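In listed order, ligands and their atoms are each counted from 1. Quantities reported herein were computed from a predicted structural model and do not represent experimental measurements.
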Amino acid sequence: VLAIWHQLTKTEITELTKGSVMMRERSRVEDTIYAMQKAGPGSLQVISDFDMTLTRFAHKGKRLPTTHNILNNRLLINEDSTKKMKELLNTYYPIEIDPSLSLAEKLPYMVTWWTEVHELLIQQRIRKDMLARVVRESSAMLREGYRVFFDCLAEHRVPLLIFSAGVGDVLEEVIRQNDVFHPNLHIISNYMDFDHTGVLQAFKGQLIHSYNKRDVTLSHATALRELHGRPNVLLLGDSLGDLNMADGVSEAQNILTVGFLNDQVEERKESYINSFDIVLLKDETMDIPNVILRHIV
Ligand code: C5P
Ligand code: MG
């Protein structure tokens with residue numbers, strides 16, 4: 001009897017019992033993790049959002065910047081523009097996270113927000129050679145435990161696709177300055193287009209905002225061929241729009257979604273629990289993704 005009992009409880013992953021971890025269906029989560037473990041790291045890919053998923057939302061009670069907000073620095077833009085960027089944030093961020101608005105209602109606002117900020121940055125003639133400095137001077141931080149996460153994936157040759165509606169040049173610099181820019185990294189983001197003198201003149205390709213990740217992933221499907229043959233997906237995000245990041249994965253077998261709920265926790269808890277397999281409430285660490293990886297690789 002003891003042996004059977006042991007077998008039945010073997011699948012319990014104790015770290016998932018922490019108070020900040022919420023799950024709609026815990027047994028499904030554990031079954032998925034064990035299915036991924038059986039298939040091994042050769043079948044796994046990780047798809048992660050960047051801002052407020054790989055980076056911290058807050059530290060010592062202070063909000064930390066997204067990649068766009070790292071650029072809101074007087075070294076790059078004038079005083080009027082810093083004010084304008086802050087106003088746009090105060091207007092549109094509440095819409096982005098408002099649980100009472102539908103996706104369709106949010107869409108046009110998101111396009112306007114991103115478009116206006118990108119136009120402002122172009123108009124301010126941002127210099128490429130200043131980016132490393134503004135990142136260094138910013139308060140942006142990767143989540144606690146980030147090194148274990150990035151190093152573990154690289155060591156086991158598990159591809160990590162970072163899929164960000166932020167600014168690619170800035171997020172690359174954050175990763176580089178934290179010494180975790182490993183060869184298993186793939187990035188889809190809004191990249192800046194500089195002229196031959198190193199001045200920003202445009203943004204490249206299709207605009208990515210928080211709620212069009214489905215369209216974007218489908219248009220990148222061929223470029224992501226390297227990820228074929230990896231039917232198990234660990235997906236990390238902080239926005240409901242991030243759930244679509246795996247829509248381009250052909251022949252997916254097991255998808256486990258982890259959502260960081262950083263802000264408006266009470267108002268959004270229910271929708272997050274209904275949408276992500278695991279929801280982490282105000283958790284500023286990579287502990288849970290690292291525990292999951294430890295079970296799979
Ligand atoms: O990497 P991720 O997809 O999370 O990046 C997008 C995030 O950047 C959005 O969730 C949004 O809140 C934020 N953002 C911002 N300033 C902008 C546009 C987006 O802080 N101008
Ligand atoms: Mg995000």
For the backbone of Val291 and the side chain of Glu15, can you confirm whether one donor and one acceptor N or O come within less than 3.5 Å of each other? no
Out of Phe50, Tyr92, Tyr211, Trp113, who is nearest to atom 14 (N) of ligand 1 when you count heavy atoms only? Trp113
Think Arg143 forms a cation-pi with Phe260, using NZ or CZ under 6.0 Å from the six-ring centre and within 45 degrees of its axis? yes
Mind telling me whether Trp114 and His68 have parallel, tilted or perpendicular rings, with 30° and 60° as the class edges? perpendicular
Provide, to 0.1 Å, the distance between atom 2 (P) of ligand 1 and the closest protein heavy atom, together with that atom's residue and name. Asp49 OD1, 2.8 Å
Please compare Ser239, Ser164, Gly237 and report which has the shortest non-hydrogen distance to atom 1 (O) of ligand 1. Ser164
Atom 18 (C) of ligand 1: closest protein heavy atom, distance to 0.1 Å, is His68 ND1, 3.5 Å
Closest to atom 10 (O) of ligand 1 among protein heavy atoms sits Glu96 OE2, 2.6 Å
Taking the side chain from Asn262 and the backbone from Met52, do they hold a donor-acceptor pair closer than 3.5 Å? yes
Could you label the plane-to-plane angle of the Phe203 and His118 rings as parallel, tilted or perpendicular, counting under 30° as parallel and over 60° as perpendicular? parallel
At less than 2.8 Å, how many protein N/O/S atoms surround the Mg ion (ligand 2)? Leave waters out. 3
Where the side chain of Glu284 meets the backbone of Ala58, is there a donor-acceptor pair that is under 3.5 Å apart? yes
To check your reading of the model: name the closest protein heavy atom to atom 13 (C) of ligand 1, its residue, and the distance in Å. Thr66 CG2, 3.9 Å
Just do the side-chain contact (heavy atoms from CB on, under 4.5 Å) check on Met36 and His295 with the steps written out, would you? CA-CA 9 Å; Met36 289 178 166; His295 277 82; over 6 Å; no
ILVMFWY network linking Leu280 to Tyr146, side-chain heavy atoms under 4.5 angstrom: yes
Apply side-chain contact (heavy atoms from CB on, under 4.5 Å) to residues Met286 and Leu54 and explain how you reach the verdict. CA-CA 8 Å; Met286 293 301 285; Leu54 292 178; 3.8 Å; yes
Where the side chain of Asn184 meets the backbone of Arg157, is there a donor-acceptor pair that is under 3.5 Å apart? no
Val117: numbered ligand 1 atoms lying under 4.0 Å from its heavy atoms: 21 (N)
Considering only non-hydrogen protein atoms, determine which one is nearest to atom 19 (C) of ligand 1 and report residue, atom name and distance to 0.1 Å. Trp114 CZ2, 3.2 Å
Look only at interatomic distance and state if Ala165 has a nitrogen or oxygen under 3.5 Å from any nitrogen or oxygen of ligand 1. yes
For the 3.5 Å polar cut-off, considering only N or O atoms, please tell me whether Asn69 and ligand 1 meet it. yes
Kindly check if the number of other-residue, nucleotide or ligand heavy atoms within 6.0 Å of CD (Gln206) is above 12? yes
Could an N or O of ligand 1 be found under 3.5 Å from any N or O of Tyr93, whether backbone or side chain? no
Phe163 versus ligand 1: do any nitrogen or oxygen atoms come within less than 3.5 Å of each other? no
Contact with ligand 1 for Lys213, non-hydrogen, under 4.0 angstrom: yes
Applying a heavy-atom cut-off of 4.0 Å, say which part of Asp51 lies close to ligand 1: side chain, backbone, both or neither. both
When the side chains of residues 231-239 are checked against the rest of the protein, which donor-acceptor pairs come out under 3.5 Å, sequence neighbours left out?
unit_1 : atom_1 : unit_2 : atom_2 : d
Asn232 : OD1    : Asn254 : N      : 3.3
Asn232 : OD1    : Asn254 : ND2    : 3.0
Asp238 : OD1    : Thr53  : OG1    : 3.2
Ser239 : OG     : Gly241 : N      : 3.1

Can any side-chain N or O of Asn178 pair as donor or acceptor with the backbone N or O of Val180 at less than 3.5 Å? no
